[in-house]
Amino acid sequence: MKLPKRYDPKTAEPKWQQFWEEKGLFHFDRVPDRPIYSIDTPPPTVSGRIHIGHVFSYVQTEVIARFWRMMGFNVYYPFGYDDNGLPSERLVEKEKGVKASDVGREKFVQMCLELTKEYEKEFSTFWKSVGLSVDWSQDYSTIDPRSQRISQRSFIDLYRKGRAYTREAPTLWCPECHTAIAQADIEDAERDTVFYDVAFKLGDRDLVVSTTRPELLPACVAMFAHPDDERYAELIGKKATVPIFGHDVPILADEKADPEKGTGLVMCCTFGDTTDITWWQEHGLETRIALDDNGHMNELATGYEGLYIKKARKRIVEDLEEAGLVRNERSISHAVNTHERCGTEIEFAVAHQWFIRVLDIKDEIIAAGAKVAWYPDYMEVRFRNWVENLKWDWCISRQRYYGVPFPVWTCSSCSEVILADESQLPVDPTVTAPPVDVCPKCGGSEFEPEHDIMDTWMTSSCTPFLNIRWGEEDSRLERFLKSDNGTEYLMDMRPQAHDIIRTWAFYTVVKSVLNEEKIPWRTAMISGHVLHPDRAKISKSKNAGSHSPTAIIEERSADATRYWACSSRLGTDTVFSYDLFDAGKRFVVKLWNASKFAIMRLEDFDADAPRELGAPDRWLLARFAVTVDRATRSFEVGDYNGALDAVERFFWHDLCDNFIEIAKKRLYGDEGYDDAARRGAQYALYQTLLGVLKMVAPVMPHITEEIYSLFFAEREGVESIHIAAWPEPPQEWHDKAALESGELGLAVIEGMRKIKSTNKVSVATPVGVLRIAASQELWEKIKQLTGELRDVSNAEAVEHVLWNGDTESPPGDGFVGTDEAGIMVSAELKEVQS
RNA sequence: GGGCGAAUAGCUCAGCUGGUUAGAGCACCUGCCUUACACGCAGGGGGUCACAGGUUCGAGUCCUGUUUCGCCCA
């Protein structure tokens, strides 16, 4: 059989993707009797464009799925879409040019559903073109009824366990999105602003405070100085008058007031920052709210009502200046907290919100995180640091529309919380009546449905539950649950990028610990980011559009792209460059060409006929055995890069450049070799090429499948390389002596090649006598290779010159050294061309 | 200010538990159309492994400090 001259990924890749899908090769339970390996795939938010960073991350983890499948596992690798929540809402508002509040809840939710469905189709098509070995029949979306049901079930369980609570409290608030948010939704941003020194009055005395938020003057409830600050010691306990607004506020002492900052005197407003909240709580201060939910001044800010924050600030500063109360102003750049979804500076609002109590169990969460094997391991530290630094319970209510509703009603007379019945789930309390007619506590019959929806992370933190169908009739908990040293875990692996350790990883651990008292996964594979050449992170919100992944896959092929993704170490960021795509492409071509040659020479290979393994064959098999060991150990701990490196080196260097060159004449069936010797070479070639294809298959699934299907599939009796068994070299291939003599032989070849290269002649140039100077001991190891050394050198004869290294060079002319100590080589070139 | 990571050839990256002369690809130089591959092959040049100390028989690898960059958090 003759393979076509060239391999064309443009036609081959879609062909194989279709083949895999039609054959259902990646279906969970295709081999139900095998042990399960389950993967908690990240459901991407459909609100963002797919960028090359996604491809980087997904490929790095998907190759591991392919590896375990070949290792004989029943791999569960689903796909999901995170389509509920604020990100999707913002997408719809942007694309359709509407505001949720104008359209109405029902209509808006409908628009969200429609648009996200469209995007999901696009996403699936794209991910198939990358060659992900996903079982598409297992896909889910975080807004689908089952996800909503599981999410609500999880909430009800947390409520019953006393973990979910509601209360009226100052909460992080986004005035743009008009909703409460959680600590994890905050992003720091460097912003330019102005520091104003504003004079308060105490009698005739000026008390100057520095502030960047003069618009919060109407919300000022106190002034603070450090207790040791002598400048203000006598003022503590007195009252100062707030400029413009004229109300009096107490002057108090607290250690959190920094004497070094500004004048050392600071105003406390309800609420400017978290310190204000602490002071407000600890000192029992009054509450003066001057901002409404949309970031406009309210009636408390007399004269400025209805103005948006920035505008109010400008006007108040003007009025202060006019009154001569601004003593100084200077421009500064400082870090502010913004909402990561929209970039708006966050405010604080006092409102009724739902929370998950986590601050009291930080240690438990940290301990659970420590039981997960993080790859790379330092990612666990990031998880721990985040949990240690938590300041808020997890705020899970959002004053939005598109998301999972709280399965909750409240008694209108006594505020008793009424939970939905399991049979009602999923439930929208605004359209469904509560499961009771009268309040079990007070007998009241009026109920108020909860209008808020849950934080989108409340559902995405359930992904292990969605995968195991937690609490559902078709629950897989029993099947998926495994334990390791007494630690029970729900799934085998969580793949994700490091930027969402604080959200997705953290919340998932919280849920698994609280709902199930288990850790969510045995391992977590944390991948890095792709950076622009100017080192900025490529992400969905920034720099989208450049390096379109669709274009890259089309131009460079999925295999080359996957090779690129596997060329940097797990967890580390990489600067985008086409260099490694090109390396991947060359690897594909080389695999094709080498296979073309091999298959031509293997066509008549009869594995059952007697064969004799020559020294080069034993050397190759020994090198192969070492390579399989390393590749397997690497893949087992998620080190795709180490595995690929080992296999590529073996293939290119050992198999192609050396073995094939050395064994060529034997493979051609040239004179001087009998059939058994030829079959020895064929055997080594067959085994190692097949093994290489298998080990490369996780990274480059298309080219390997193409080659495998053209020759190996029929002989091996397995229709696809991706469900073939991972190579397992027999013990006898681990042959130390063969390795040693092989290396010596290569040293001879290197010397011979150097002679030809120095003389600027072709490597095919005939040689008279090839002389090998070596000790008797070394020669014993080399001499079994004389036939092949003669072939590869195109020499008439090979002679041994006894030389123990006791003289500078052996007797005779033209000897060159080699990398192998103790061997020198000379060769008489027959047709020296000038 | 705290935490984590990175710093290796002109560029993009490897380098596993410390062990001869630090690797790959691109780029560069010299050759070679060799019955798989010129998208190739052979040979070569190029690195004081950020800097300064330390541990060790031995350090790119471990420890301490410094500098620069990135990420996360205050």
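The sequence lines fix the lettering, A, B, ..., with proteins before strands; numbering per chain opens at 1. Values below: every heavy atom of this structure, side chains too, minus hydrogens, waters and symmetry copies.
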With the side chain of A:V381 defined as its heavy atoms from C-beta on, choose the nearest nucleotide among B:G3, B:A74, B:C71. B:G3
If you measure from the P atom in B:G15 to the same atom in B:C33, how many Å do you get, rounded? 39 Å
For atom C1', what is the distance between B:C62 and B:C13, given to the nearest Å? 24 Å
Determine: side-chain N/O of A:T758 to OP1/OP2 of B:G31, distance under 4.0 Å, yes or no. no
Distance between the P atoms of B:G47 and B:C39, in whole angstroms? 30 Å
Would you mind classifying the nucleic acid contact of A:S595 as base, sugar-phosphate or nothing, using non-hydrogen atoms under 4.0 angstrom? nothing
Using atom C1' in both nucleotides, what's the gap between B:U66 and B:A24 to the nearest angstrom? 32 Å
What's A:I501 touching, base or sugar-phosphate or nothing? Going by heavy atoms closer than 4.0 Å. nothing
Using 4.0 Å as the upper bound for N to carboxylate O, is an ion pair formed by A:E187 and A:R341? no
Inter-nucleotide C1' distance (B:G53, B:U67), Å rounded: 15 Å
I want to verify a distance call: between B:A14, B:G43, B:C37, whose nearest atom is closest to the A:R569 side chain? B:A14
Between A:K756 and B:C41, is there a side-chain N or O to OP1/OP2 distance below 4.0 Å? no
Watson-Crick or G-U wobble partner for B:C62, using a 3.5 Å limit on both distances? B:G54
Counting the atoms with a prime plus P, OP1 and OP2 as sugar-phosphate, which does A:D639 contact under 4.0 Å by heavy atoms, base, sugar-phosphate, or nothing? nothing
N/O donor-acceptor pair, side chain A:K590 with base B:C37, under 3.5 angstrom: yes
When you measure from the side-chain N and O atoms of A:Y375 to the phosphate of B:C16, is any distance below 4.0 Å, counting only OP1 and OP2? no
Using a heavy-atom cut-off of 4.0 Å across all strands, would you classify A:D582 as base, sugar-phosphate, or nothing? nothing
Going from OG on A:S793 to CD1 on A:I755, what distance comes out if it is rounded to the nearest 0.5 angstrom? 9.0 Å
For B:A74 and A:T274 - does any side-chain N or O of the residue sit under 4.0 Å from the phosphate oxygens OP1/OP2? no
A:F815 ring centre to A:R771 NZ or CZ under 6.0 Å, with the angle to the axis within 45°? no
Which is more 5' along RNA chain B, the nucleotide nearest A:W652 or the one nearest A:M379? Just name the residue. A:M379
side-chain N/O A:K664 vs B:A36 OP1/OP2, d < 4.0 Å: yes
Among A:Y563, A:W564, A:F56, find the one that has a ring-ring contact (aromatic ring centres under 6.0 Å, His included) with A:F581. A:W564
A:S577 side-chain proximity, nearest of B:U12, B:G70, B:G40: B:U12
Quote, to the nearest angstrom, the P distance that separates B:G65 from B:G2. 12 Å
When you measure from the side chain of A:T574, which nucleotide among B:A36, B:A42, B:U12 comes out closest? B:U12
When you measure from the side chain of A:A594, which nucleotide among B:A42, B:A36, B:G25 comes out closest? B:A36
If you define the side chain from C-beta out and look only at heavy atoms, does anything of A:M752 sit under 4.5 Å from A:V816? no
Provide the distance between the two C1' atoms, one in B:A9 and one in B:C63, to the nearest whole Å. 28 Å
Which is true for A:E661 with a 4.0 Å heavy-atom rule: it touches a base, it touches only sugar-phosphate, or it touches nothing? base
Base, sugar-phosphate, or nothing: which does A:I186 touch, judged by heavy atoms less than 4.0 Å apart? sugar-phosphate
Determine, for A:K10 against A:E554, whether the closest basic-nitrogen to carboxylate-oxygen distance falls under 4.0 angstrom. no
Whole-Å C1' distance, B:G40 and B:A50: 38 Å
Nearest listed nucleotide, side chain of A:R382, among B:C39, B:G70, B:A36: B:G70
